J.: 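One structure coming up, written as structure tokens, with questions to follow.
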Amino acid sequence: MDKQQRDIGAQDSPVLVSVEDLKKYFPIQRGLFRRTVGYVKAVDGVSFFINEGETLGLVGESGCGKTTTGRLILRAMEPTEGHIFYRQHDRMIDLAGVPSGQMKSLRREMQIIFQDPFSSLNPRMTVMDIISEPLEIHNVAQGQQLKDHVCELLEAVGLKAQHMNRYPYAFSGGQRQRIGIARALALRPRLIIADEPVSALDVSVQAQVLNLLEDLKHKFGLTYLFIAHDLSVVEHISDRVAVMYLGTVVELASSDDLYMNPGHPYTEALLSAVPRSDPDQPSNRILLSGDIPSPANPPPGCKFHPRCPYAQDICSHQAPEWYEISPKHWVVCHFAGQLDLSGIAFQ
Amino acid sequence: MNTLHNRSEELFQIYEAYADAHGMVEETEGAEDIAERRRLESIYAASQWQLIWRKFTRNRVALVGGVIVIIYYVVALLAQFFAPYTLSTRFIEYIYLPPQRVHFFHDGKFEPYVYGIELEIDENLRKIYTTNPEKIVPVEFMVRGEPYELFGIFKTDVHLFGSSEGAVSLLGTDRQGRDMFSRVLYGSQISLTIGLLGVLMSLTFGSVLGVVSGYYGGWIDDLIQRMIELVRSFPAIPLWMALSAAVPATWPPLRTYFVVTLILSVIGWTWLARQLRGKVLALRNDDYILAAKLAGAGDGRIIFKHLIPATFSHIIVVATLAMPSMILAETALSFLGLGLRPPITSWGVLLKEAQNLQSIALYPWVFTPALAIAIVILAFNFLGDGLRDASDPYTV
Ligand SMILES: Nc1ncnc2c1ncn2[C@@H]1O[C@H](COP(=O)(O)OP(=O)(O)O)[C@@H](O)[C@H]1O
Ligand SMILES: [Mg+2]
């Protein structure tokens, strides 16, 4: 995406993060001397932007590079190529160019919520220790003040302050996820990357955690990158949605627009898998043929063409460009705007 | 998911089972009075160590092993007190005296005694010891005997038991007429501490190198792993033999002791380093490590606050299971004449002295140090197995 698009996004509220042509290739090493025999192109030219105060849903099948994208933005790993612009004091800083030694202060502003409520909490630390760790590292508070801080955070995420001496094993999955959320909030970040925060939870608990995230967003003025592997979860929480396939974004639009008028065949297929609230409406699920190709050896041209029901000759040898099919609705497809794709109608 | 997931599940089950067993309700709010609520909170707030302890204490065999190990160390610590005689006390008239039988009751009262010994020389000039039921040598407790210094500080001459009227030799005497029981106790001081010291040294090398290797990866990991392979590719016994052959016979006993310990730990650390590296490799991808990094934690904090505590139970298990091989290694080296030498008395040294055909045939009691070794090694293994099961049920 280029600068012009960023400016378009900026019409509503300023862009907080803008990712441009981001790439992460993991080397595949073999043999005694760890010779590099190829690369897993986990993220292969991802572009999108997030406006301050909004929730961007990032959706795609398992293994398409969502987690890697999220971690690149946090600089938990070094990008192979590309830019991550982040707005701080009305200046856009390219995080990809910040030396890792100087990331500490920037990290206060962006935090993560993990998918797995088990491996994300150290089983040997009490809730108090877990939540106070970021506060201690950044010297935010000490002693009684620190304790008060933790109490506030626990109450903000709907847990009881008197439980702070418990260890994580004494909590259910949903409660653990709340502890993880409290930890993420501790440093009062602006941006939160929520990496499939509810996919490991029971359906009954999912809604509670989603509501909590929604509440916290307003209370703390947060911006979310909300990662999910299907469109049903992000439906209510996202203002806009980016659809990812095999390391690239294929469609970016406001939620309503994307659900009602999908512009990419892959989005259409994902939408057909969303359970319908209206039982009278016929479910015409589109089953994609073939397997997801390996990110180590992606197909040439449009990466989706081997599975695309609308594929033509051109798709197999020429990579498509971004097209803005309607205002602020971008699609990466040779036939963007020309296909008659079916979405979901909202009541 | 991963082992950590299983682990958490397991812990969850333990506390639920515990709560069930005590007829407790799920949530603290349900609890009626404050005392009950406190009791519940103490379970939810039980640390991993407390949970491990609860599980460990349910394993009878391991508990017995643990108690035996503790008894061994207490006895070793106070050997001078528990032993009726010192290392050099000699009964010149009783060479190769067989173990004496202790009778506990005299005239229906608890008054332990042994019979007196009569010495005869048979036609082959062999010494034959017979007991004289007429002569009763009472076993007395807290008796005054030869003076010694407890821990090298307190001068005293009180022994747990002994007799002012004759020899009391529970395990017989050796070829110089020295009491085997006393010698085994004194030997345990050296044998048990050399194992402990060797394991401690191995632990220090092994845990630091293992954690660093697993955490940093890359060329640091490669270097440490190649080093381990190099050390490991030497056969242990010849390597020890070569190293100890380099220890001059003229060195003072204490220095020899430390050098032998060092030699033992040269190989021991590689095992622990490998184990911990594997553990850290698995741990460093856990999300909570990333969470700490994103919170701004440096390498030091991550290693000492997250990684080492996570491997600590593992380190203890490995250390316990490494003790038997350390003790056996010392015994083997000394037995071969390559480790400790008299006047230092260890179990290996004692066995070396017993090393001849005549002893096996005629004076089997001089092999009692072997029994002492076998018992403590079994105890360590039971203890280690129990600790392992309690701390990490999903790994080998
Ligand atoms: N540290 C890594 N080393 C090598 N390959 C990786 C690593 N992390 C992720 N991958 C690969 O990158 C691809 C994308 O992974 P990920 O970002 O986790 O996808 P998602 O979160 O969408 O399921 C997968 O094929 C995965 O195997
Ligand atoms: Mg993922």
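Here is the naming used below: chain letters follow the sequence lines, and residue numbers restart at 1 for every chain. On a predicted model such as this, the values are computed, not experimentally measured, just so you know.
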J.: Relative to chain B, which segment of A:Arg108 carries a heavy atom at a distance below 4.5 Å: side chain, backbone, both, or neither?
T.: neither
J.: Looking at B:Arg301 and A:Glu133, does any basic side-chain N land under 4.0 Å from a carboxylate oxygen?
T.: yes
J.: Measuring only between side-chain heavy atoms, which start at C-beta, is B:His306 closer than 4.5 Å to A:Met125?
T.: yes
J.: Are A:Arg71 and B:Asp287 ion-paired here, with the side-chain N under 4.0 Å from a carboxylate O?
T.: yes
J.: If every non-hydrogen atom of B:Tyr288 is compared with every non-hydrogen atom of A:Ser120, which pair is closest and at what distance?
T.: CB-O, 3.3 Å
J.: Where along residues 72-80 of chain A does a heavy atom come under 4.5 Å of chain B, listed by residue number?
T.: A:Leu74, A:Ala76
J.: Using a cut-off of under 4.5 Å for heavy-atom pairs, which of B:Ala310, B:Gly298, B:Ala297 has the most such pairs with chain A?
T.: B:Ala310
J.: Taking everything shown except B:Phe304 itself, do over 12 heavy atoms lie less than 6.0 Å from its CZ?
T.: no
J.: Minimum heavy-atom separation for B:Gly296 and A:His138, please, with both atom names.
T.: CA-NE2, 4.3 Å
J.: Of the backbone (N, CA, C, O) and the side chain (C-beta and beyond), which part of B:Asp222 lies under 4.5 Å from a heavy atom of chain A, both, or neither?
T.: side chain
J.: Rounded to the nearest 0.5 Å, what's the gap from CZ on A:Phe114 to CG on B:Leu294? Could you check?
T.: 6.0 Å
J.: Does CZ belonging to A:Arg30 count more than 12 external heavy atoms closer than 6.0 Å?
T.: no
J.: For B:Phe205, is the CZ atom crowded, meaning more than 12 foreign heavy atoms sit under 6.0 Å from it?
T.: no
J.: State whether the number of non-hydrogen atoms from other residues, nucleotides or ligands found under 6.0 Å of A:Tyr39 atom OH is greater than 12.
T.: no
J.: So which atom in B:Ala292 and which in A:Ile137 form the shortest heavy-atom distance, rounded to 0.1 Å?
T.: O-CD1, 4.4 Å
J.: Distance from B:Lys305 atom NZ to A:Asn122 atom CG, nearest 0.5 Å?
T.: 10.0 Å
